[in-house]
Amino acid sequence: MEKKERLTQKIKLSAIFILLILALNQCTSDTKPKDSVKGKNIPEVKVSPSIKIPVFNADSAYDFIQDQVGFGPRVPNTKEHEACANYLVNKMNQYADSAFIQYGNATTWDNKTLFMKNIIAVFSPKKRNRILLSAHWDTRPWADEDTARQDEPIVGANDGGSGVGVLLEIARNLSIQQPELGIDIILFDAEDWGKPNESNSYCLGSQYWANNPHDKNYRDKARFGINLDMVGGKDAIFAKEGESMLKSRWVMDKVWKIGQGLGHNEFIDFTRQGIVDDHFYVNTILNFPYIDIINYGVAEGGGFGHFWHTHKDNMDVIDRKPLKAVGETVMHTIFKEIN
(Lines give C-alpha, C1' and ligand atoms only; values in the text may rest on other atoms or scores of the structure.)
Protein backbone atom coordinates (compact mmCIF):
# COMPACT_ATOMS: atom_id res chain seq x y z
CA MET A 1 0.00 0.00 0.00
CA GLU A 2 2.83 2.38 0.92
CA LYS A 3 4.58 1.56 -2.34
CA LYS A 4 1.40 2.31 -4.29
CA GLU A 5 1.00 5.68 -2.54
CA ARG A 6 4.61 6.65 -3.38
CA LEU A 7 3.98 5.72 -7.03
CA THR A 8 0.79 7.82 -7.11
CA GLN A 9 2.68 10.78 -5.64
CA LYS A 10 5.40 10.46 -8.27
CA ILE A 11 2.81 10.42 -11.04
CA LYS A 12 1.19 13.59 -9.64
CA LEU A 13 4.55 15.37 -9.39
CA SER A 14 5.41 14.35 -12.95
CA ALA A 15 2.09 15.67 -14.20
CA ILE A 16 2.65 19.01 -12.44
CA PHE A 17 6.15 19.24 -13.93
CA ILE A 18 4.84 18.60 -17.45
CA LEU A 19 2.15 21.25 -17.03
CA LEU A 20 4.75 23.77 -15.90
CA ILE A 21 6.92 23.04 -18.96
CA LEU A 22 3.93 23.45 -21.27
CA ALA A 23 3.00 26.73 -19.62
CA LEU A 24 6.54 28.07 -19.98
CA ASN A 25 6.63 27.06 -23.64
CA GLN A 26 3.31 28.77 -24.24
CA CYS A 27 4.58 31.99 -22.66
CA THR A 28 7.72 31.84 -24.77
CA SER A 29 5.86 31.25 -28.04
CA ASP A 30 3.39 34.07 -27.38
CA THR A 31 6.09 36.62 -26.54
CA LYS A 32 7.47 38.31 -29.64
CA PRO A 33 10.82 40.08 -29.45
CA LYS A 34 10.66 43.82 -29.66
CA ASP A 35 11.80 45.33 -32.93
CA SER A 36 14.28 48.17 -33.00
CA VAL A 37 14.75 51.19 -35.23
CA LYS A 38 18.21 52.62 -34.76
CA GLY A 39 18.21 51.68 -31.11
CA LYS A 40 14.63 52.65 -30.29
CA ASN A 41 12.60 49.93 -28.61
CA ILE A 42 9.29 49.38 -30.36
CA PRO A 43 6.26 48.53 -28.21
CA GLU A 44 4.63 45.21 -28.87
CA VAL A 45 1.61 45.49 -31.13
CA LYS A 46 -1.64 45.12 -29.24
CA VAL A 47 -4.89 44.61 -31.10
CA SER A 48 -8.33 45.20 -29.69
CA PRO A 49 -10.29 41.93 -30.08
CA SER A 50 -13.69 43.55 -30.57
CA ILE A 51 -14.29 47.16 -31.54
CA LYS A 52 -16.74 48.80 -33.89
CA ILE A 53 -14.80 50.58 -36.60
CA PRO A 54 -16.38 53.51 -38.48
CA VAL A 55 -17.20 53.02 -42.15
CA PHE A 56 -14.85 54.75 -44.59
CA ASN A 57 -16.83 56.47 -47.35
CA ALA A 58 -14.97 56.51 -50.67
CA ASP A 59 -17.52 58.90 -52.20
CA SER A 60 -16.72 61.41 -49.48
CA ALA A 61 -12.97 61.03 -50.08
CA TYR A 62 -13.56 61.53 -53.81
CA ASP A 63 -15.48 64.75 -53.13
CA PHE A 64 -12.65 66.03 -50.92
CA ILE A 65 -10.25 65.49 -53.83
CA GLN A 66 -12.61 67.31 -56.18
CA ASP A 67 -12.73 70.25 -53.76
CA GLN A 68 -8.95 70.56 -53.86
CA VAL A 69 -8.73 70.28 -57.62
CA GLY A 70 -11.35 73.01 -57.84
CA PHE A 71 -8.78 75.50 -56.55
CA GLY A 72 -6.45 74.67 -59.44
CA PRO A 73 -2.74 73.87 -58.97
CA ARG A 74 -1.73 74.24 -55.30
CA VAL A 75 1.77 75.58 -55.86
CA PRO A 76 3.41 77.40 -52.92
CA ASN A 77 3.47 81.20 -53.12
CA THR A 78 0.30 81.37 -55.26
CA LYS A 79 -3.22 82.59 -54.48
CA GLU A 80 -4.62 79.13 -55.29
CA HIS A 81 -2.28 77.63 -52.70
CA GLU A 82 -3.40 80.20 -50.12
CA ALA A 83 -7.09 79.58 -50.82
CA CYS A 84 -6.74 75.80 -50.55
CA ALA A 85 -4.74 76.13 -47.31
CA ASN A 86 -7.65 78.06 -45.78
CA TYR A 87 -10.09 75.40 -46.97
CA LEU A 88 -8.01 72.56 -45.51
CA VAL A 89 -7.39 74.11 -42.11
CA ASN A 90 -11.07 75.09 -41.83
CA LYS A 91 -12.11 71.51 -42.65
CA MET A 92 -9.72 70.12 -40.08
CA ASN A 93 -11.00 72.59 -37.50
CA GLN A 94 -14.48 71.16 -38.05
CA TYR A 95 -13.23 67.66 -37.27
CA ALA A 96 -10.21 67.79 -34.94
CA ASP A 97 -9.79 68.89 -31.34
CA SER A 98 -7.41 71.50 -32.71
CA ALA A 99 -6.03 72.40 -36.12
CA PHE A 100 -3.52 75.01 -37.16
CA ILE A 101 -0.95 75.99 -39.77
CA GLN A 102 2.74 75.58 -39.14
CA TYR A 103 4.45 78.31 -41.14
CA GLY A 104 7.98 77.92 -42.41
CA ASN A 105 10.36 79.05 -45.12
CA ALA A 106 12.52 76.91 -47.38
CA THR A 107 14.94 77.58 -50.20
CA THR A 108 14.43 75.46 -53.30
CA TRP A 109 17.04 73.90 -55.56
CA ASP A 110 16.48 76.79 -58.03
CA ASN A 111 16.96 79.43 -55.32
CA LYS A 112 13.32 80.30 -54.72
CA THR A 113 12.03 81.04 -51.21
CA LEU A 114 8.86 79.12 -50.46
CA PHE A 115 6.47 80.25 -47.74
CA MET A 116 5.28 76.86 -46.59
CA LYS A 117 2.15 75.89 -44.72
CA ASN A 118 2.09 72.51 -42.98
CA ILE A 119 -1.48 71.89 -41.83
CA ILE A 120 -1.68 69.99 -38.54
CA ALA A 121 -4.77 68.44 -36.93
CA VAL A 122 -4.69 66.93 -33.44
CA PHE A 123 -7.16 64.39 -32.04
CA SER A 124 -7.19 63.53 -28.31
CA PRO A 125 -4.24 65.80 -27.48
CA LYS A 126 -3.90 64.50 -23.90
CA LYS A 127 -3.21 60.92 -25.00
CA ARG A 128 0.50 60.20 -24.83
CA ASN A 129 0.68 57.24 -27.24
CA ARG A 130 0.07 58.57 -30.75
CA ILE A 131 -0.12 57.64 -34.42
CA LEU A 132 0.86 60.06 -37.19
CA LEU A 133 -1.00 60.09 -40.51
CA SER A 134 0.25 62.29 -43.32
CA ALA A 135 0.11 63.25 -47.00
CA HIS A 136 1.36 66.20 -49.01
CA TRP A 137 -1.14 68.75 -50.29
CA ASP A 138 0.95 70.84 -52.70
CA THR A 139 1.21 70.09 -56.42
CA ARG A 140 3.99 69.93 -58.99
CA PRO A 141 4.96 73.37 -60.38
CA TRP A 142 5.78 71.85 -63.79
CA ALA A 143 4.44 69.07 -66.01
CA ASP A 144 7.96 67.84 -66.68
CA GLU A 145 6.83 64.33 -67.66
CA ASP A 146 4.34 65.64 -70.23
CA THR A 147 4.90 66.23 -73.93
CA ALA A 148 3.26 69.67 -73.97
CA ARG A 149 2.94 72.67 -71.63
CA GLN A 150 5.79 71.36 -69.57
CA ASP A 151 6.37 74.71 -67.87
CA GLU A 152 2.80 74.87 -66.50
CA PRO A 153 1.76 73.47 -63.10
CA ILE A 154 -0.52 70.43 -62.79
CA VAL A 155 -3.75 70.15 -60.78
CA GLY A 156 -2.47 66.99 -59.05
CA ALA A 157 -5.69 65.08 -58.38
CA ASN A 158 -3.74 61.94 -57.58
CA ASP A 159 -0.32 63.36 -56.73
CA GLY A 160 -1.25 65.43 -53.73
CA GLY A 161 -5.04 65.43 -53.79
CA SER A 162 -5.74 61.73 -53.24
CA GLY A 163 -3.84 61.25 -49.99
CA VAL A 164 -5.37 64.41 -48.55
CA GLY A 165 -8.84 63.31 -49.62
CA VAL A 166 -8.44 60.02 -47.76
CA LEU A 167 -7.16 61.77 -44.63
CA LEU A 168 -10.01 64.30 -44.64
CA GLU A 169 -12.50 61.42 -44.73
CA ILE A 170 -10.64 59.72 -41.88
CA ALA A 171 -10.71 63.01 -39.96
CA ARG A 172 -14.47 63.24 -40.51
CA ASN A 173 -14.85 59.78 -38.99
CA LEU A 174 -12.58 60.67 -36.08
CA SER A 175 -14.84 63.61 -35.25
CA ILE A 176 -17.58 61.04 -34.58
CA GLN A 177 -15.54 58.29 -32.92
CA GLN A 178 -11.91 58.27 -31.82
CA PRO A 179 -9.61 55.27 -31.27
CA GLU A 180 -7.74 54.53 -28.05
CA LEU A 181 -4.53 56.19 -29.22
CA GLY A 182 -4.14 59.87 -30.06
CA ILE A 183 -4.04 60.70 -33.76
CA ASP A 184 -2.19 63.51 -35.50
CA ILE A 185 -2.78 64.31 -39.16
CA ILE A 186 -0.23 66.43 -40.98
CA LEU A 187 -0.69 67.70 -44.52
CA PHE A 188 2.85 68.50 -45.61
CA ASP A 189 3.60 71.37 -47.95
CA ALA A 190 6.30 71.76 -50.61
CA GLU A 191 6.83 68.05 -51.25
CA ASP A 192 6.85 68.36 -55.03
CA TRP A 193 9.12 71.35 -55.74
CA GLY A 194 12.07 69.13 -56.43
CA LYS A 195 14.63 68.51 -59.14
CA PRO A 196 14.80 64.99 -60.63
CA ASN A 197 17.71 62.93 -59.28
CA GLU A 198 18.27 65.37 -56.41
CA SER A 199 16.43 63.70 -53.53
CA ASN A 200 17.02 66.38 -50.91
CA SER A 201 15.30 68.97 -53.09
CA TYR A 202 11.96 67.27 -52.44
CA CYS A 203 9.84 67.00 -49.26
CA LEU A 204 10.72 70.45 -47.93
CA GLY A 205 7.66 70.64 -45.69
CA SER A 206 8.28 67.32 -43.99
CA GLN A 207 11.97 68.14 -43.58
CA TYR A 208 10.95 71.36 -41.87
CA TRP A 209 8.46 69.65 -39.54
CA ALA A 210 10.88 66.86 -38.64
CA ASN A 211 13.36 69.49 -37.50
CA ASN A 212 10.63 71.58 -35.84
CA PRO A 213 7.87 69.20 -34.63
CA HIS A 214 4.76 70.86 -33.20
CA ASP A 215 5.42 68.83 -30.04
CA LYS A 216 9.08 68.72 -29.05
CA ASN A 217 8.54 65.33 -27.40
CA TYR A 218 6.73 63.84 -30.37
CA ARG A 219 9.37 61.21 -31.08
CA ASP A 220 8.78 59.63 -27.69
CA LYS A 221 5.00 59.71 -28.07
CA ALA A 222 4.73 58.33 -31.61
CA ARG A 223 4.06 54.60 -31.90
CA PHE A 224 4.32 54.78 -35.69
CA GLY A 225 3.34 56.83 -38.74
CA ILE A 226 1.66 56.17 -42.09
CA ASN A 227 2.22 58.44 -45.09
CA LEU A 228 -0.14 58.37 -48.10
CA ASP A 229 0.95 59.43 -51.57
CA MET A 230 -0.74 58.84 -54.93
CA VAL A 231 -3.36 56.46 -53.57
CA GLY A 232 -6.32 57.21 -55.87
CA GLY A 233 -5.23 56.35 -59.40
CA LYS A 234 -7.04 53.76 -61.50
CA ASP A 235 -5.47 50.29 -61.29
CA ALA A 236 -3.31 51.40 -58.36
CA ILE A 237 -1.11 48.70 -56.83
CA PHE A 238 0.52 49.09 -53.43
CA ALA A 239 3.74 47.15 -53.22
CA LYS A 240 5.86 47.28 -50.08
CA GLU A 241 8.12 50.30 -50.36
CA GLY A 242 11.75 49.42 -49.65
CA GLU A 243 12.67 52.21 -47.25
CA SER A 244 9.64 51.36 -45.10
CA MET A 245 10.59 47.68 -45.12
CA LEU A 246 14.16 48.49 -44.12
CA LYS A 247 13.34 50.72 -41.15
CA SER A 248 9.76 49.89 -40.14
CA ARG A 249 9.03 46.39 -41.35
CA TRP A 250 6.79 45.43 -38.43
CA VAL A 251 4.44 48.32 -39.24
CA MET A 252 4.50 47.54 -42.96
CA ASP A 253 3.67 43.88 -42.40
CA LYS A 254 0.90 44.79 -39.95
CA VAL A 255 -0.79 47.23 -42.34
CA TRP A 256 -0.50 44.94 -45.37
CA LYS A 257 -1.93 42.04 -43.39
CA ILE A 258 -4.92 44.16 -42.39
CA GLY A 259 -5.46 45.38 -45.96
CA GLN A 260 -5.28 41.89 -47.42
CA GLY A 261 -7.53 40.57 -44.65
CA LEU A 262 -10.16 43.11 -45.67
CA GLY A 263 -10.03 41.73 -49.22
CA HIS A 264 -8.13 44.61 -50.81
CA ASN A 265 -5.99 42.97 -53.50
CA GLU A 266 -4.28 46.31 -54.19
CA PHE A 267 -1.91 45.43 -51.32
CA ILE A 268 0.56 42.96 -52.78
CA ASP A 269 3.43 41.01 -51.22
CA PHE A 270 6.11 42.48 -53.44
CA THR A 271 8.89 44.79 -52.31
CA ARG A 272 9.98 47.67 -54.53
CA GLN A 273 13.19 49.61 -54.09
CA GLY A 274 13.11 52.37 -51.50
CA ILE A 275 12.16 55.90 -52.48
CA VAL A 276 12.52 59.32 -50.91
CA ASP A 277 9.10 60.54 -49.80
CA ASP A 278 7.85 62.47 -46.77
CA HIS A 279 8.19 59.40 -44.53
CA PHE A 280 11.94 59.21 -45.27
CA TYR A 281 12.94 62.48 -43.59
CA VAL A 282 10.66 62.08 -40.59
CA ASN A 283 11.99 58.58 -40.03
CA THR A 284 15.60 59.68 -40.51
CA ILE A 285 15.47 62.83 -38.39
CA LEU A 286 13.01 61.88 -35.63
CA ASN A 287 13.73 58.14 -35.74
CA PHE A 288 10.36 56.51 -35.23
CA PRO A 289 8.71 53.85 -37.43
CA TYR A 290 7.04 55.49 -40.40
CA ILE A 291 5.84 53.81 -43.59
CA ASP A 292 4.75 54.93 -47.04
CA ILE A 293 1.64 53.68 -48.85
CA ILE A 294 2.24 54.71 -52.44
CA ASN A 295 1.24 53.51 -55.89
CA TYR A 296 4.67 52.31 -56.87
CA GLY A 297 3.86 48.82 -58.00
CA VAL A 298 4.88 46.31 -60.60
CA ALA A 299 2.72 47.84 -63.32
CA GLU A 300 4.31 50.08 -65.94
CA GLY A 301 7.82 49.07 -64.94
CA GLY A 302 7.25 49.96 -61.31
CA GLY A 303 6.49 53.61 -61.99
CA PHE A 304 3.84 55.94 -60.61
CA GLY A 305 1.36 55.76 -63.49
CA HIS A 306 1.29 57.18 -67.01
CA PHE A 307 -0.30 60.41 -65.73
CA TRP A 308 2.41 61.16 -63.15
CA HIS A 309 3.71 64.74 -63.36
CA THR A 310 1.54 65.43 -66.42
CA HIS A 311 -1.63 67.38 -67.08
CA LYS A 312 -3.49 64.07 -67.22
CA ASP A 313 -3.33 63.94 -63.43
CA ASN A 314 -6.88 65.21 -63.06
CA MET A 315 -10.17 63.83 -61.74
CA ASP A 316 -10.43 61.48 -64.73
CA VAL A 317 -7.73 59.23 -63.23
CA ILE A 318 -9.26 59.02 -59.75
CA ASP A 319 -10.92 55.73 -58.81
CA ARG A 320 -12.93 55.14 -55.64
CA LYS A 321 -11.72 51.53 -55.33
CA PRO A 322 -8.12 52.26 -54.24
CA LEU A 323 -9.38 55.16 -52.13
CA LYS A 324 -11.55 52.72 -50.22
CA ALA A 325 -8.78 50.13 -50.00
CA VAL A 326 -6.33 52.57 -48.44
CA GLY A 327 -8.83 54.46 -46.29
CA GLU A 328 -10.44 51.35 -44.87
CA THR A 329 -7.07 49.73 -44.19
CA VAL A 330 -5.74 52.78 -42.34
CA MET A 331 -8.98 53.10 -40.36
CA HIS A 332 -8.80 49.48 -39.24
CA THR A 333 -5.12 49.88 -38.37
CA ILE A 334 -5.58 52.86 -36.07
CA PHE A 335 -8.75 51.56 -34.41
CA LYS A 336 -7.33 48.12 -33.67
CA GLU A 337 -4.21 49.56 -32.06
CA ILE A 338 -4.67 49.86 -28.28
CA ASN A 339 -2.59 51.08 -25.33
Side-chain angles (χ1 to χ4, degrees), residues 51-72 74 80 83-99 119-124 131-139 155-179 181-188 226-236 238 255 258-259 262-267 293-295 305 307 313-337:
I51 185 170
K52 186 175 180 181
I53 299 172
V55 177
F56 181 89
N57 189 322
D59 289 331
S60 177
Y62 183 95
D63 289 343
F64 284 133
I65 300 170
Q66 179 71 76
D67 288 347
Q68 296 170 78
V69 171
F71 290 101
R74 283 86 65 204
E80 293 83 4
C84 189
N86 292 334
Y87 161 81
L88 292 172
V89 76
N90 287 337
K91 276 292 177 187
M92 286 301 188
N93 263 315
Q94 291 178 30
Y95 303 140
D97 292 299
S98 67
I119 297 163
I120 301 173
V122 180
F123 298 82
S124 299
I131 297 173
L132 174 62
L133 306 178
S134 66
H136 77 89
W137 71 276
D138 64 303
T139 55
V155 295
N158 189 47
D159 193 359
S162 62
V164 173
V166 169
L167 293 183
L168 284 172
E169 170 57 10
I170 290 175
R172 186 187 69 80
N173 276 287
L174 294 180
S175 71
I176 302 169
Q177 178 182 340
Q178 295 193 18
L181 273 66
I183 304 294
D184 300 285
I185 296 178
I186 303 182
L187 308 180
F188 290 122
I226 302 174
N227 185 65
L228 309 181
D229 197 0
M230 295 182 277
V231 295
K234 291 178 180 177
D235 302 318
F238 305 114
V255 172
I258 289 173
L262 291 168
H264 299 307
N265 57 12
E266 290 86 355
F267 289 89
I293 301 179
I294 184 170
N295 177 24
F307 41 81
D313 187 0
N314 54 40
M315 291 304 297
D316 291 340
V317 307
I318 299 299
D319 186 0
R320 291 170 176 81
K321 188 173 184 290
L323 293 177
K324 181 178 180 180
V326 172
E328 194 171 70
T329 298
V330 173
M331 288 279 288
H332 276 250
T333 300
I334 64 177
F335 271 89
K336 287 181 178 179
E337 194 79 2

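Values in this document were obtained by computation on a predicted structure and should not be read as measured data. Count residues from 1 along the sequence.
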Partner of Val166 under side-chain contact (heavy atoms from CB on, under 4.5 Å), chosen from Ile293, Leu323, Leu133: Leu323
Give the minimum heavy-atom separation between [X] and [Y], together with the two atoms involved.
X: Ile170; Y: Gly327; answer: CD1-O, 4.3 Å
X: Pro179; Y: Phe335; answer: N-CE2, 3.6 Å
X: Tyr95; Y: Phe123; answer: O-CE2, 3.4 Å
X: Ala135; Y: Gly163; answer: CB-C, 3.7 Å

Quick one: are [X] and [Y] in side-chain contact, heavy atoms under 4.5 Å?
X: Ile131; Y: Asp184; answer: no
X: Leu168; Y: Leu88; answer: yes
X: Asp63; Y: Ile65; answer: no
X: Ile186; Y: Ile119; answer: no
X: Asn57; Y: Arg172; answer: yes
X: Glu266; Y: Val231; answer: no
X: Thr333; Y: Glu337; answer: no
X: Ile120; Y: Ser98; answer: no

How long is the straight-line distance from [atom2] of [Y] back to [atom1] of [X], given to the nearest 0.5 Å?
X: Ser134; Y: Leu187; atom1: OG; atom2: CG; result: 8.5 Å
X: Ile53; Y: Met331; atom1: CD1; atom2: CE; result: 8.0 Å
X: Leu167; Y: Ser162; atom1: CG; atom2: OG; result: 9.5 Å
X: Met92; Y: Ile185; atom1: CE; atom2: CD1; result: 4.5 Å
X: Met315; Y: Gln66; atom1: CE; atom2: CD; result: 4.5 Å
X: Tyr87; Y: Phe64; atom1: OH; atom2: CZ; result: 5.5 Å

Any side-chain donor near an acceptor of the partner, Asn173 and Glu169, under 3.5 Å: yes
Polar side chain donor-acceptor pair, His136 to Asn227, under 3.5 angstrom: no
Neighbour count >12 (heavy atoms, 6.0 Å) for atom NZ, Lys324: no
Chi angles and distances behind the side chain to side chain contact (heavy atoms under 4.5 Å, CB included) call for Asp319, Asp235: CA-CA 8 Å; Asp319 186 0; Asp235 302 318; 5.8 Å; no
From CA spacing to verdict: side chain to side chain contact (heavy atoms under 4.5 Å, CB included), Leu132, Ile226: CA-CA 6 Å; Leu132 174 62; Ile226 302 174; over 6 Å; no
Within the distance-only criterion (no hydrogens, no angle test), does the side chain of [X] pair as donor or acceptor with the backbone N or O of [Y] below 3.5 angstrom?
X: Asp159; Y: Met230; value: no
X: Thr139; Y: Val155; value: no
X: Glu328; Y: Phe56; value: no
X: Gln177; Y: Lys52; value: yes
X: Asn158; Y: Gly233; value: yes

Parallel, tilted or perpendicular: rings of Phe238 and Phe267 (30°, 60°): tilted
Under the salt bridge (charged side-chain N to carboxylate O under 4.0 Å, His left out) test, residues paired with Lys234 that sit two or more places apart: none
Geometric cation-pi criterion Arg320 and Tyr62, 6.0 Å radius, 45° cone: yes
